[in-house]
There are 2 protein chains.
Amino acid sequence: MTVPISRPRSTPAIASPLFLREDEIRRGIELLYFGYSAMVRGADTILAREGFGRAHHRALYFIARSPGLSVGDLLRLLAITKQSLGRVLNELQAHGHVTQSIGASDRRQRLLHLTATGQALEAALFAELEAGMAAAYGEAGQSAVTGFWAVLVGLIPAEDRALVAGLSQG
Amino acid sequence: MTVPISRPRSTPAIASPLFLREDEIRRGIELLYFGYSAMVRGADTILAREGFGRAHHRALYFIARSPGLSVGDLLRLLAITKQSLGRVLNELQAHGHVTQSIGASDRRQRLLHLTATGQALEAALFAELEAGMAAAYGEAGQSAVTGFWAVLVGLIPAEDRALVAGLSQG
DNA sequence: CAAGATATGTCAACATGACTGTCCCAATTT
DNA sequence: AAATTGGGACAGTCATGTTGACATATCTTG
């Protein structure tokens with residue numbers, strides 16, 4: 001598995017700050033791509049065994065993270081159409097992993113919850129992600145983790161940051 | 001776009017190191033998901049205009065990064081089947097963005113290159129990613145960038161790290 | 001040199017998870 | 001009462017992955 005290496009596309013005769021910057025940008029793009037791929041790959045085995053895909057995992061994850069989440073809020077988190085989410089939620093409900101309840105303050109809302117089996121499945125999937133992330137944290141150290149978060153927050157458009165931050169707060 | 005916030009799944013009565021750790025793990029998972037999504041979203045507009053998808057972008061990116069890359073090495077980088085890659089490469093070649101040459105040391109190999117229009121398209125796509133990444137780097141600072149890389153490297157299985165590192169070296 | 005392994009390509013069928021567009025109902029807001 | 005919002009459903013399409021089987025050219029090895 002050797003990849004032949006070539007010079008980057010634009011190769012200045014002498015190293016310049018601009019060259020260094022492009023190399024650092026490319027390093028970030030590539031590590032983000034491979035790191036993300038590596039993180040989700042572990043869960044795929046479990047999902048395949050259960051007959052689900054990554055879309056089901058994402059729904060399970062956010063419902064576990066915020067029990068009682070409304071369908072609309074889940075749609076905004078996932079940034080997909082309600083038709084796409086509808087199929088996923090129907091399948092999860094058909095398998096008895098997710099239930100709905102009617103919103104107390106707004107009876108139009110359907111609030112999503114995991115059943116016991118749904119919680120068990122999500123916990124198994126989370127354990128997979130956790131193992132990889134905890135190992136990476138431990139290897140990199142706490143100050144690296146802070147930097148890791150800071151760059152990722154910087155990648156998220158300002159108007160979307162509140163959405164992500166809201167998950168971590170009470 | 002307000003997301004109702006609930007307590008995390010397992011909520012200890014008092015904050016414990018274990019609770020803090022789970023919260024930090026979840027923060028990493030979520031930021032990685034949203035950060036990755038944010039990075040690729042910018043390029044989607046250009047891709048849609050050209051009639052291509054993310055699979056085409058990934059192929060263009062790695063061919064631009066390592067001109068003369070062989071089909072097999074690209075397959076190992078993308079970790080997909082040759083049938084999937086074959087369709088993408090055929091489309092890129094049909095649009096005149098990619099050409100092949102025969103390997104000098106091994107005539108079975110097909111080495112991939114971008115044409116002038118392929119380079120122009122890849123450059124436009126790269127500029128999109130670069131804008132977001134450079135802004136995030138600037139916002140977070142250089143030491144954060146180092147930590148960002150360190151955690152992502154830690155996520156990648158040890159046996160795959162050489163593949164990624166090989167892209168940056170000569 | 002013959003045999004096997006490797007690099008690549010192709011045909012066919014299929015699964016997942018997105019999309020658009022349209023229509024519907026119930027509940028809330030104005 | 002009318003308009004908006006939250007949610008659901010039906011139909012069709014597209015992008016991108018998968019398996020499996022097979023073909024061809026080239027390289028490597030006994």
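What you see below is based on every heavy atom in this structure, not just the backbone, and it leaves out hydrogens, waters and symmetry mates. A note on names: the letters A, B, ... follow the listed sequences, proteins ahead of strands, and every chain is numbered from 1.
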Practice problem: Please say whether more than 12 non-hydrogen atoms of neighbouring residues, nucleotides or ligands are located less than 6.0 Å from CZ in B/Arg107. | Solution: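 No, CZ of B/Arg107 has 12 or fewer neighbouring heavy atoms, counting only those of other groups under 6.0 Å.
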Can you find a side chain N or O atom of [X] that sits less than 4.0 Å from OP1 or OP2 on [N]?
| X | N | value |
| --- | --- | --- |
| A/His56 | C/dT16 | no |
| B/Arg108 | D/dA25 | no |
| A/Arg54 | C/dA15 | no |

Self-check item: Side-chain heavy-atom pair A/Leu69, A/Phe62 within 4.5 angstrom cut-off
Solution: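 When only atoms from C-beta onward are counted, A/Phe62 and A/Leu69 do touch, with a gap below 4.5 Å.
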Quiz item: Do A/Leu92 and A/Val88 have side chains that get closer than 4.5 Å, going by heavy atoms?
Solution: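 Yes, at least one pair of side-chain atoms sits under 4.5 Å.
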Quiz item: Could you walk me through whether A/Glu130 and B/Arg21 pass the salt bridge (charged side-chain N to carboxylate O under 4.0 Å, His left out) check?
Solution: CA-CA 10 Å; A/Glu130 182 182 36; B/Arg21 196 189 69 128; 2.8 Å; yes
Interatomic distance, [X] [atom1] vs [N] [atom2] [rounded to whole Å]:
| X | N | atom1 | atom2 | answer |
| --- | --- | --- | --- | --- |
| B/Gln109 | C/dT6 | CD | C1' | 10 Å |
| A/Glu91 | C/dT16 | CD | C1' | 9 Å |
| A/Ile102 | C/dA27 | CD1 | C1' | 11 Å |
| B/Asp73 | C/dA7 | CG | C1' | 11 Å |
| A/Leu85 | D/dA9 | CG | C1' | 14 Å |
| B/Leu74 | C/dG9 | CG | P | 11 Å |
| B/Asp106 | C/dT6 | CG | P | 12 Å |
| B/Leu111 | C/dA7 | CG | C1' | 11 Å |

Quiz item: Donor-acceptor pair under 3.5 Å: do we get one between B/Arg110's side chain and the base of C/dT8?
Solution: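 There is none.
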Quiz item: Which nucleotide, C/dA18, D/dG7, C/dT28, lies nearest any side-chain atom of A/Ser70?
Solution: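 For A/Ser70, the side-chain atoms sit closest to D/dG7.
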Interface polar pairs with nucleotides 18-22 of chain D, N/O, under 3.5 angstrom:
from, atom 1, to, atom 2, distance (Å)
D/dT18, OP2, B/Thr81, N, 2.7
D/dT18, OP2, B/Thr81, OG1, 2.9
D/dT18, OP2, B/Ser84, OG, 3.4
D/dG20, O6, B/Gln83, NE2, 2.7
D/dA21, N6, B/Gln83, NE2, 3.4

Self-check item: 5' precedence on DNA chain C between A/Ser105 and A/Val88 (nearest-nucleotide basis)
Solution: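 Upstream on the strand: A/Val88.
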Quiz item: Start at the 5' end of DNA chain C and walk down; is the nucleotide closest to A/Ala55 or to A/Arg107 reached first?
Solution: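 Residue closer to the 5' terminus by nearest nucleotide: A/Ala55.
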Practice problem: Quick one: label B/Gly86 by what it contacts on the DNA or RNA (base, sugar-phosphate, nothing), any heavy atom closer than 4.0 Å. | Solution: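 B/Gly86: no heavy atom of the nucleic acid under 4.0 Å.
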Quiz item: Between B/Glu128 and B/Arg49, is the closest basic N to carboxylate O distance under 4.0 Å?
Solution: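 Salt bridge: no.
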Exercise. Indicate the atoms forming the closest heavy-atom contact of A/Phe52 with A/His95, along with that distance.
Key: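 Reported closest heavy-atom pair: CZ-CG, 3.6 Å.
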Practice problem: Name all residues meeting the side chain to side chain donor-acceptor pair (under 3.5 Å) criterion together with B/Thr146; count only those two or more places apart in sequence or in a different chain, and write none if there are none. | Solution: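 Per chain and number, B/Thr146 pairs via side chain to side chain donor-acceptor pair (under 3.5 Å) with no residue.
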